Each structure stands twice: as structure tokens, then as C-alpha cells.
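Encoded as C-alpha cells, the structure appears first; notes follow it.
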Amino acid sequence: MSAILADMAEDKFSVVDIEQDFLLKVLNPYRDHCRYLKRAYFEQHENQGVPGMLMKGEFSIDRSCYIDDTGHFNAVEYNICYNQIAYLHLGYCIKHGLIPELGLYNQESFFEKQLSHFLIANISSGFQSLLNAKHFYGTFGIHSLKKTSKCTFIKTYCYFYDDEVGKSKGEVMLAILHP
């Protein structure tokens with residue numbers, strides 16, 4: 001047990017606030033009222049590689065983009081929020097050259113291909129308790145990557161939570177086509 005605690009104490013990580021200009025550029029394809037991700041920061045744990053890189057964000061859904069107010073966060077909103085934090089994470093990592101498997105991309109090609117080449121191949125989300133959509137948080141991370149001749153498959157996870165007991169989590173397989 002003391003070895004586990006020692007490892008946890010030595011877990012060094014850095015945190016970088018995402019500049020608002022970069023966040024807005026990533027969210028540019030979304031309509032103004034659908035930009036749910038408000039603030040974010042990138043957390044990188046030393047010696048953990050790509051799985052040690054997390055994007056954490058603060059969200060707010062003042063009104064749903066497609067339905068009358070349900071009073072809670074739902075599956076469609078999970079998907080939209082997932083997309084926003086995933087795009088931000090991948091865009092940031094590409095900008096800084098942090099994911100070798102996406103090395104064919106640069107910042108310009110990311111923004112050019114963001115919608116056409118970053119595809120959800122499979123998505124699964126679950127809701128443990130009602131989440132307050134007016135103010136909540138999210139964490140995005142990568143489990144694994146596999147580069148093929150035509151694309152890179154990225155197994156990801158994302159969970160959302162609020163200041164009370166609201167929780168939602170899911171896993172998504174992304175297929176990133178080569179530029």
C-alpha cells in the first residue's frame with residue numbers, strides 16, 4: 001500500500017489554461033447558442049504518455065439547441081459536449097505535436113479537416129444521476145490509439161459531473177482520417 005501512495009505522491013503534472021481565442025476557433029463550426037464549452041484547461045501527467053493527457057472543461061447549456069428544456073442533461077447534449085471537448089483536446093495536441101499518431105496534421109490542416117475527417121465510429125454513454133445542464137464540468141481522455149494506413153482509431157472516454165450528484169460517462173471510438 002505504501003508503494004501505491006508513494007507513486008501517487010510522485011505523480012507530477014502540469015496544467016495549461018486554454019486561451020479563449022483558441023477555444024473559440026475550435027468551436028467556430030457551432031452556432032453561437034450551441035457553444036456549451038465555456039472554459040478549459042489541459043492537464044498532462046508526466047511519464048504517462050498520451051493516456052496522461054486530459055482536457056478538462058466547464059460547460060453551460062442555457063437552452064437546448066433542439067428541444068424545449070428537459071430540466072436535465074441528456075444523450076444528445078452528451079454527444080455535443082463530447083464533440084466540443086474532444087475537438088479541443090485533439091486540436092491542442094496537434095498544435096503542440098503531442099500525439100505522434102496524428103503527426104500528419106498541423107494546426108492549419110486540423111481546422112480545415114475538423115468536421116470532415118474526425119468521425120465518431122462508436123459511442124456509448126450512460127447517466128448515473130441527473131446532471132444540471134446549466135453548469136457542469138467535463139473530462140476527456142484517451143485510452144489507446146491505433147494507426148492504420150488510412151486512419152487513426154482513438155478509443156476515448158469522457159465524463160461529466162455537476163456541483164451536486166449529477167454524473168454521466170461514456171466511451172467513444174474515433175476514426176481520424178489522414179489529411
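Here the structure is a predicted model, which means the values were calculated and not measured.
Ring pair Phe110/Phe118: centre-to-centre distance below 6.0 Å. Taking the ring centroids of Phe136 and Phe59, they lie under the 6.0 Å cut-off.
Distance alone, capped at 3.5 Å, is enough to place a donor-acceptor pair between the Tyr78 side chain and the Cys158 backbone. The main-chain N or O of Tyr36 is found under 3.5 Å from a side-chain atom of Gln84 such that the two form a donor-acceptor pair. At distances below 3.5 Å, not a single donor-acceptor pair connects side-chain atoms of Asn132 with backbone N or O atoms of Asp162. Counting only distance, with no hydrogens or angles, the side chain of His135 and the backbone of Asp163 share no donor-acceptor pair below 3.5 Å. The main-chain N or O of Thr148 is found under 3.5 Å from a side-chain atom of His178 such that the two form a donor-acceptor pair. Looking at Ser60, its side chain does come within 3.5 Å of a backbone N or O of Lys134 through a donor-acceptor pair.
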Q.
Determine whether Asn122 and Val172 satisfy the following criterion, side chain to side chain contact (heavy atoms under 4.5 Å, CB included), listing intermediate values before the conclusion.
A. CA-CA 6 Å; Asn122 190 5; Val172 177; over 6 Å; no

Q) Yes or no on side chain to side chain contact (heavy atoms under 4.5 Å, CB included) for Phe140 and Leu88, after CA distance, side-chain angles and deciding distance? A) CA-CA 10 Å; Phe140 170 90; Leu88 187 62; over 6 Å; no

Q.
As a quick check of understanding, evaluate side chain to side chain contact (heavy atoms under 4.5 Å, CB included) for Asn79 and Ile120, giving each step before the final call.
A. CA-CA 10 Å; Asn79 193 328; Ile120 290 179; 3.7 Å; yes

Q: Would you please test Ile18 and Met55 for side chain to side chain contact (heavy atoms under 4.5 Å, CB included) and show each step?
A: CA-CA 9 Å; Ile18 301 300; Met55 186 63 70; 3.8 Å; yes

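Rounding to the nearest 0.5 angstrom, the gap separating the SG atom in Cys151 from the CD atom in Glu101 is 12.5 Å. Rounded to the nearest 0.5 Å, atoms CG (Asp17) and CZ (Phe42) are 13.0 Å apart. In this structure, the separation between CD1 on Ile176 and CG on Leu145 is 9.0 Å, given to the nearest 0.5 Å. Rounded to the nearest 0.5 Å, atoms NZ (Lys95) and CD (Gln107) are 5.0 Å apart.
Every residue meeting the salt bridge (charged side-chain N to carboxylate O under 4.0 Å, His left out) condition with Lys56, not counting sequence neighbours, appears here in chain and number order: Glu43. Residues satisfying the salt bridge (charged side-chain N to carboxylate O under 4.0 Å, His left out) test with Asp32, not counting sequence neighbours, are Arg35.
Side chains of Lys12 and Asn47 form no contact here, defined as non-hydrogen atoms less than 4.5 Å apart. With a 4.5 Å cut-off on side-chain heavy atoms, Leu90 and Ile154 count as touching. Taking the side chain as every heavy atom from C-beta outward, Ile61 and Cys81 approach each other to under 4.5 Å. Annotation: side chain of Phe127 is not in contact with side chain of Asn74 (no heavy-atom distance under 4.5 Å). Side-chain contact between Ile94 and Phe111 is absent, with no heavy-atom pair separated by less than 4.5 Å. Ile142 is listed as a side-chain neighbour of Ile99, based on a closest heavy-atom distance under 4.5 Å. Residues Thr152 and Leu104 fail the side-chain proximity criterion, which asks for heavy atoms closer than 4.5 Å. Side-chain contact check for Val26 versus Leu37: every heavy-atom pair is 4.5 Å or farther apart.
Linking Ile, Leu, Val, Met, Phe, Trp and Tyr residues whenever their side-chain heavy atoms come within less than 4.5 Å places Tyr30 and Phe22 in a single cluster. Cluster membership check: Ile85 shares its hydrophobic cluster with Val76, using side-chain heavy-atom separations under 4.5 Å among Ile, Leu, Val, Met, Phe, Trp and Tyr. Tyr87 and Leu177 end up in different hydrophobic clusters when Ile, Leu, Val, Met, Phe, Trp and Tyr side chains are linked at under 4.5 Å. Hydrophobic clustering of Ile, Leu, Val, Met, Phe, Trp and Tyr side chains at less than 4.5 Å, counting indirect connections, unites Leu102 with Val50.
With a 6.0 Å radius and a threshold of 12 heavy atoms from other residues, nucleotides or ligands, Glu19 has its CD atom at or below the threshold. Around atom NZ of Lys169, no more than 12 heavy atoms belonging to other residues, nucleotides or ligands sit under 6.0 Å away. For Glu164, the CD atom sits in a loose shell: 12 or fewer heavy atoms of surrounding residues, nucleotides or ligands are nearer than 6.0 Å.
Note: Tyr92 and His96 have tilted aromatic rings, judged against thresholds of 30 and 60 degrees for the angle between ring planes.
There is a side-chain donor-acceptor pair under 3.5 Å between Tyr82 and Thr156.
Taking both residues in full, the closest heavy atoms of Pro51 and His143 are given as CG-O, 3.9 Å, listed atom of the first, atom of the second, then distance.
Figure legend: cation-pi geometry between Lys113 and Tyr105 absent, as NZ or CZ is not positioned both under 6.0 Å from the six-membered ring centre and within 45° of its axis.
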